[in-house]
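Note that the structure is predicted; figures quoted are calculated from it, not measured.
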Amino acid sequence: MQVTREKQDIVEKEFIGFPDIAADTINVLLYKGRQLTRAEDLRAGPTETIYQTPPDQAKEIKGQIRNQFEDVCKYEMSDGHIRLMYLIANQTRTDGKMLLRKAGYTGGAYREQYAGKTQDIYPVIEFVLYWGAARWRSSRELHQFLRKKRVQPDVPAEAWQYIDNLHLHVYEMRHLPEEVRELFQSDMRIVVDYLAEGMGYRSDRKIVHKAALIRMIKVLSGDGDIEDVEEWLEKQQIREEDEITVCELFDQYERKGREEGEARRLVTDIENAMRFFQVTLEKACEGLGTTVGKYEEAKKLL
C-alpha cells in the first residue's frame, strides 16, 4: 500500500511528539548534543493558532476568523512558567516559500502572546525536520530569498539593514553526518541510522516506542500499510514496556513480511485455479498439493 502524504504527516507527528524523542531531537540538532532540554519539562502546546483579520483590511474580509497549523508544538516549562516554545515542522518535500510560512507560524505564536492569550511572554523557536531524499536547495534566510526572487530590484542597499533577516533552520534527516547521528539517545537514533544505512541496518539498541517506530520506518520507506502494527505486536506478545532490540524486532517483522508474501502467493494460486479450471476449493487445493486448512490459514494472514 502506497503511503499518502496525510498518513506520513500523522506518523511523523506521532513519533516526534513523544517528549523523550522531542527533547533528544532538540538537544542534538539545536544544541549540538548538550542536554539543555529535558523530556520531563516539555508539554504539548497548541498546533493551531487562530486570529482575526484587523478592521483596517479590505471590507470583504473584515473580522474574518483565520487559522494556521504547525506539526508539533512543545512548551519547555520552568518553575511553572513557559521558558521556551518549540515549533517543529515535518517536511517531505522541499518548499521554496517555507521562510514565509515560518514567518506566519512564529508570528502567530507571538500574536497570541500580544493578545494576552498566554500568561507568560517567551521566545519561540521553529525548526524543520526534512525527510525527503533530494537535498534542500531552497533559501534558508530571508535576504537571500528576496534577492533570488528579485523583489523590488530598486530597493536601495541601505534599506537591507532594516529588513529583518529571518533564518530557516532546516535539518536534512536522511543526510545527517555520522557524528551527528551518534549524539541521539532516543529512538530517533534508530530512524536516522536506518535512513543512512538502508534495509540492512541492524543494531543492539533497545527500542522504547515500538509501534510508533515501526510505523515511522514503514512510511519513510514508502510503505503505507501501517494499520496492523499494534495487532502484530500483540500476536507476537510484545508489549511497549518489554525490552527488545532493533535486531530482534526487525527480524521478527521481516519474517512476518515473508510469511505474508508466501500466504498471498498460495491464496492467489488456489483462487486462480478455481476460476480457470472451474473447480471447487478442495479440488484446487488437491491439484496444487496443499489442503483447504492451509488455504484458510493463509487467508487469515492477509
Side-chain angles (χ1 to χ4, degrees), residues 6 9-10 12-31 34-91 95-130 138-146 151 159-171:
E6 180 182 8
D9 285 345
I10 292 171
E12 290 167 353
K13 289 175 188 177
E14 176 199 30
F15 187 74
I16 195 65
F18 288 107
D20 62 316
I21 295 178
D24 191 33
T25 302
I26 290 167
N27 285 329
V28 171
L29 299 181
L30 272 59
Y31 304 136
R34 296 178 63 195
Q35 301 301 300
L36 300 183
T37 297
R38 303 187 308 170
E40 55 266 33
D41 293 334
L42 293 181
R43 302 287 184 274
T47 56
E48 178 184 23
T49 55
I50 299 175
Y51 60 95
Q52 191 172 35
T53 53
D56 58 344
Q57 289 192 8
K59 186 176 181 181
E60 61 270 16
I61 63 171
K62 179 179 177 180
Q64 183 176 338
I65 299 297
R66 300 202 171 186
N67 65 346
Q68 56 190 10
F69 292 90
E70 182 63 286
D71 289 332
V72 177
C73 173
K74 293 292 184 183
Y75 289 130
E76 184 174 349
M77 309 301 295
S78 177
D79 296 326
H81 295 277
I82 301 172
R83 181 169 72 175
L84 278 164
M85 181 186 203
Y86 295 100
L87 297 176
I88 307 173
N90 289 297
Q91 280 291 118
D95 184 348
K97 295 183 178 180
M98 190 68 189
L99 271 161
L100 304 182
R101 287 176 57 194
K102 175 181 178 175
Y105 292 143
T106 55
Y110 286 125
R111 181 194 296 268
E112 298 221 324
Q113 296 179 45
Y114 174 77
K117 294 182 180 181
T118 62
Q119 179 182 351
D120 301 308
I121 300 296
Y122 44 83
V124 179
I125 297 175
E126 190 201 22
F127 60 99
V128 179
L129 303 181
Y130 170 58
S138 302
S139 301
R140 299 186 188 222
E141 60 176 46
L142 188 59
H143 283 193
Q144 181 189 43
F145 171 79
L146 293 174
V151 177
W160 287 101
Q161 63 181 310
Y162 302 105
I163 300 172
D164 293 335
N165 194 16
L166 189 69
H167 291 269
L168 185 66
H169 309 292
V170 179
Y171 299 94

Contact check, side chains of P19 and E40, non-hydrogen atoms, under 4.5 Å:
no

Which heavy-atom pair separates D71 from N90 by the least distance, and what is that distance?
OD2-N, 2.6 Å

With the side chain counted from C-beta on, respond yes when F127 and I26 share a heavy-atom pair under 4.5 Å apart, and no when they do not.
yes

Any idea which heavy atoms bring Q113 and I121 closest together, and the distance?
OE1-CA, 3.3 Å

For the residue pair Y171 and L30, establish whether any side-chain heavy-atom pair is separated by less than 4.5 Å.
yes

Let me confirm one number: the CD1-NZ distance from I125 to K74, rounded to the nearest 0.5 Å.
15.5 Å

For the residue pair Q91 and R101, establish whether any side-chain heavy-atom pair is separated by less than 4.5 Å.
yes

Which heavy atom of K102 sits nearest a heavy atom of H169, and at what distance?
NZ-CD2, 3.7 Å

What pair of heavy atoms forms the shortest contact from S139 to F145, and how long is it?
OG-CA, 3.5 Å

Taking atom CG of L42 and atom OG1 of T37, what is their separation to the nearest 0.5 Å?
6.5 Å

Does atom OH of Y114 have more than 12 heavy-atom neighbours, drawn from other residues, nucleotides or ligands, at distances under 6.0 Å?
no

To the nearest 0.5 Å, how far apart are CE in M85 and CD in E126?
10.0 Å

Locate the shortest heavy-atom distance separating E76 from L36; write the atom from each residue and the value.
OE2-O, 3.6 Å

At what distance, to the nearest 0.5 angstrom, does CG of D24 lie from CZ of F18?
14.0 Å

Note, Y105 side chain near V124 side chain (heavy atom, < 4.5 Å):
no

Looking only at heavy atoms, the pair that brings P123 and R83 closest together is CD-O, 3.3 Å

Are the side chain of H143 and the backbone of I163 linked by a donor-acceptor contact shorter than 3.5 Å?
yes

Sorted by chain and residue number, the salt bridge (charged side-chain N to carboxylate O under 4.0 Å, His left out) partners of E6 (sequence neighbours excluded) come out as none

Check whether any side-chain heavy atom of L142 sits under 4.5 Å from a side-chain heavy atom of D164, and report yes or no.
no

Interatomic spacing from CG in L99 to NZ in K97 - rounded to 0.5 Å
12.0 Å

Could you state the interatomic distance from CG (D95) to CG (L100), rounded to the nearest 0.5 Å?
9.0 Å

Below 4.5 Å, heavy atoms only, C-beta onward: do L166 and E141 meet side chain to side chain?
no

